[in-house]
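Residue numbering restarts at 1 for every chain, and letters A, B, ... go by the order of the sequence lines.
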Amino acid sequence: AQKVTQAQTEISVVEKEDVTLDCVYETRDTTYYLFWYKQPPSGELVFLIRRNSFDEQNEISGRYSWNFQKSTSSFNFTITASQVVDSAVYFCALSERRRDDKIIFGKGTRLHILP
Amino acid sequence: GAGVSQSPSNKVTEKGKDVELRCDPISGHTALYWYRQSLGQGLEFLIYFQGNSAPDKSGLPSDRFSAERTGGSVSTLTIQRTQQEDSAVYLCASSLAGGRAEAFFGQGTRLTVV
């Protein structure tokens, strides 16, 4: 069965520091999709990125970057030069292609950016 | 609107009453999900509808919970004989292509059972 582990429950960093949020997944499928979502204090879940299992290229979007490594079943998320507005809960998620399956979320990492 | 719409946004109910929560997905999205988020917790999967396939009900916590999706569009999550532990935010999401595509979330329904 698919599983997503976000071992970091809560992280606090000072503004402008870089921070990496870890995500480790388990799946028996060869085709799968990985996601990151942000949930700011307002509560609405915001989609950040989707990767499929065939594309291991790292991606950068502004201050955000993602490191996908199939060898370690990890899909880590780094925020460079963090800002207070980055404070939120971040969720990693996984779905398996074989059964056009549901998206399963990790328990999330609560990120505090201190001014 | 173009996004996922949920109603009501807030619901307070007495223990033992039944409640219905509604979700209007984005037009054209074939997949619809319900999740539950208790205070400060993660997203707990409840049920997943994808096209004409039988729904995946594997996340429903008890037989008091049920959901239907009519005409491949609007969905209703029903909780019968509500209990205090049912208090949570219930989130609906839809996607264009099941688990292959990103899911877009509604604002949620905050359910409080008193």
Contact class of [X] relative to chain A, heavy atoms under 4.5 angstrom:
X       : result
B:Gln50 : side chain
B:Gln37 : side chain
B:Ser58 : side chain
B:Ala31 : neither

Inset, instruction - For residues B:Arg100 and A:Arg50, report the shortest heavy-atom separation together with the two atoms involved. - result: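 Closest approach of B:Arg100 to A:Arg50: O-NH1, 3.1 Å.
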Inset, instruction - Looking only at non-hydrogen atoms, find the nearest pair between B:Gln41 and A:Phe91 and report the distance. - result: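 Nearest heavy atoms, B:Gln41 then A:Phe91: O-CZ, 4.3 Å.
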Inset, instruction - Kindly compute the distance separating CG (A:Leu45) from CD (B:Gln107), expressed to the nearest 0.5 Å. - result: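 The distance works out to 10.0 Å.
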Legend entry - Euclidean distance, A:Tyr33 OH relative to B:Ser95 OG, rounded to 0.5 Å: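 B:Ser95 OG to A:Tyr33 OH: 11.0 Å, rounded to 0.5 Å.
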Please answer: with hydrophobic residues joined when any side-chain heavy atoms are less than 4.5 Å apart, are [X] and [Y] in the same cluster?
X       : Y       : result
A:Val4  : A:Val89 : no
A:Tyr90 : A:Phe35 : no
B:Val89 : B:Val19 : no
A:Ile49 : A:Tyr32 : yes
A:Val19 : A:Trp66 : yes

Is it the case that more than 12 heavy atoms not belonging to [X] sit under 6.0 Å from its [atom1] atom?
X       : atom1 : answer
B:Arg69 : CZ    : yes
A:Lys70 : NZ    : yes
A:Glu10 : CD    : yes
A:Gln57 : CD    : no

Inset, instruction - Answer yes if the ring centres of A:Phe105 and B:Phe45 are under 6.0 angstrom apart, and no otherwise. - result: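 No, too far apart.
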Legend entry - Partner chain B: residue of A:Arg110, A:Lys107, A:Gln39 with the largest heavy-atom pair count (under 4.5 Å):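 Option with the top pair count is A:Gln39.
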Inset, instruction - Classify the ring geometry between B:Phe105 and A:Tyr37 as parallel (under 30°), tilted (30 to 60°) or perpendicular (over 60°). - result: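 Perpendicular, since the angle between the ring planes exceeds 60°.
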Legend entry - Min side-chain heavy-atom separation B:Tyr35-A:Ile104 under 4.5 Å: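 Counting from C-beta outward, B:Tyr35 and A:Ile104 never come under 4.5 Å.
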Legend entry - Most contacts with chain A, counted as non-hydrogen pairs under 4.5 angstrom, among B:Gly106, B:Ser53, B:Gly98, B:Ala101: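 Most heavy-atom pairs within the cutoff with chain A belong to B:Ala101.
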Inset, instruction - Test the A:Lys102-B:Tyr33 pair against the cation-pi criterion, namely NZ or CZ under 6.0 angstrom from the six-membered ring centroid and within 45° of the ring axis. - result: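 No; the conditions do not both hold, so A:Lys102 does not lie above the ring face of B:Tyr33.
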